[in-house]
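Everything on this sheet refers to the single structure shown next.
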Number of protein chains: 2
Amino acid sequence: MEQIPGPAKERLLHLMRILEQAGEGKISSAGIETLTGWARDTIRKDISWIDGGECGGNKGYDPAVLVPAVRKALGLDRRRKFCVVGLGRLGSAYLNMQGLDFGEFELTAGFDSNVNRVEILKSTVPLYPAYKMAEVITRFGIEIALLCVPSEAARSVADRLVAAGIQGIINFSTAAITVPPEIAVRNVSIADELRGLAIRMKEG
Amino acid sequence: MEQIPGPAKERLLHLMRILEQAGEGKISSAGIETLTGWARDTIRKDISWIDGGECGGNKGYDPAVLVPAVRKALGLDRRRKFCVVGLGRLGSAYLNMQGLDFGEFELTAGFDSNVNRVEILKSTVPLYPAYKMAEVITRFGIEIALLCVPSEAARSVADRLVAAGIQGIINFSTAAITVPPEIAVRNVSIADELRGLAIRMKEG
């Protein structure tokens, strides 16, 4: 299960989400093809990474069996701690967002370089001034950071997060950040989301 | 150019972003392979959709030529109007975000069902009560909506956006929305971003 290729992992993750939202009852690879657009051979191959293709067959896959199996194979069956770094509009929006209180990820801390902001903001998670970042990340074993600082600060803050032992960063700034290869990064920007949407839109 | 397959479009979009951020000077398909992890044959094939492979060759691709060519081929060479629907924490964060004031997309309006909120919020773009959504979308020719409403409202608001003529929706809620096949949708959630990051992280 260590050997699942990256694209297969991405599809399995997407499949897991679809199955979580689907109702009860088995679903065939043809049914998954309709929902996702992936060829059913690809779907069968992907699922074979998980269970040797044993939980499917003529009667289709049982989400109650498949979802936990996919979660385990993808390493999502343990809880990870994450923090929000930069508590401006976006960062403070994430601090209290619905839907983050779920099993896999636990919001553990928020950080901002502005001590006043840290003291004034209301939050259900503890907030700290940025100079305590390394100490708090180590103490709580925080693995992931949502990087919500202004673009001009993104690189230096990312460096500090890596030095503090963070394992993965979701970068919401428009700046590209450079990290060692063993650190995972996802870049998320509205500009990219808009572009990604637009290339799939019909010309009006 | 109408026939570019979806995955090739996604890669070309990613390539465009990398080239935009790279410095001047030509880059080879081997150099792109190092930056992206895609096989150089895939890269050459993708680029051949754009220009017949003529702008590359032994000396590499010139970003100053390739970037505008990719932008045109992907249909990103015209300006599109978008709006923010739902002005809670996340939606109001997007209203004034840095980096949205760029050529391809123009933030044209914000909507919220709470008339008080519409009147109180400060914004550089005009804000309207939700009951004016169809009228404003039609009047300004808004094509894209950032759907930032609470999850329980997402489906019904998406239906109203489609009825108003919106062509693409970026769904930030955790609810799945159903739209006609000709409408483009991207679902964006922190839960998914965290999962997508975690499956690429080393086990700690």
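The sequence lines fix the lettering, A, B, ..., with proteins before strands; numbering per chain opens at 1.
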Where [X] and [Y] come nearest, the two heavy atoms and their spacing:
X        : Y        : result
B:Arg89  : A:Ser92  : NH1-O, 3.6 Å
B:Ala191 : A:Phe105 : O-CE1, 4.4 Å
B:Phe172 : A:Ile190 : CZ-CD1, 3.4 Å
A:Ile199 : B:Leu13  : CD1-CD2, 4.0 Å
B:Ala198 : A:Arg80  : CB-NH1, 3.7 Å

Using non-hydrogen atoms only, which part of [X] is less than 4.5 Å away from chain B: side chain, backbone, both, or neither?
X        : value
A:Ile144 : side chain
A:Leu197 : both
A:Ile169 : backbone

| task | Please step through side chain to side chain contact (heavy atoms under 4.5 Å, CB included) for the pair B:His14 and A:Arg195, ending with a clear verdict. | result | CA-CA 10 Å; B:His14 191 68; A:Arg195 284 173 161 187; over 6 Å; no
| task | Go through B:Ile183, B:Leu12, B:Val185 and name the one with the most non-hydrogen pairs under 4.5 angstrom from chain A. | result |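 Option with the greatest count: B:Val185.
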| Between B:Gly88, B:Gly168, B:Gly6, the one whose heavy-atom pairs under 4.5 Å with chain A are most numerous |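 Winner by heavy-atom pair count: B:Gly168.
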| said: Between A:Arg186 and B:Arg200, does the side chain to side chain contact (heavy atoms under 4.5 Å, CB included) criterion hold? Intermediate values first, please. | reply: CA-CA 10 Å; A:Arg186 276 176 85 88; B:Arg200 295 191 292 114; 3.2 Å; yes
| request: Show the numbers, then the answer: is there a side chain to side chain contact (heavy atoms under 4.5 Å, CB included) between B:Leu146 and A:Leu194? | output: CA-CA 9 Å; B:Leu146 307 189; A:Leu194 284 165; 4.1 Å; yes
| Per-residue contact mode, B:Leu90 against chain A (heavy atom under 4.5 angstrom) | both
| message | If you count every heavy atom of other residues, nucleotides or ligands that lies below 6.0 Å from A:Lys81 atom NZ, does the total exceed 12? | response | yes
| Once you round to the nearest 0.5 Å, how far does CG of A:Asn187 lie from CD of B:Glu193? |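 Reported to 0.5 Å precision, the distance equals 10.0 Å.
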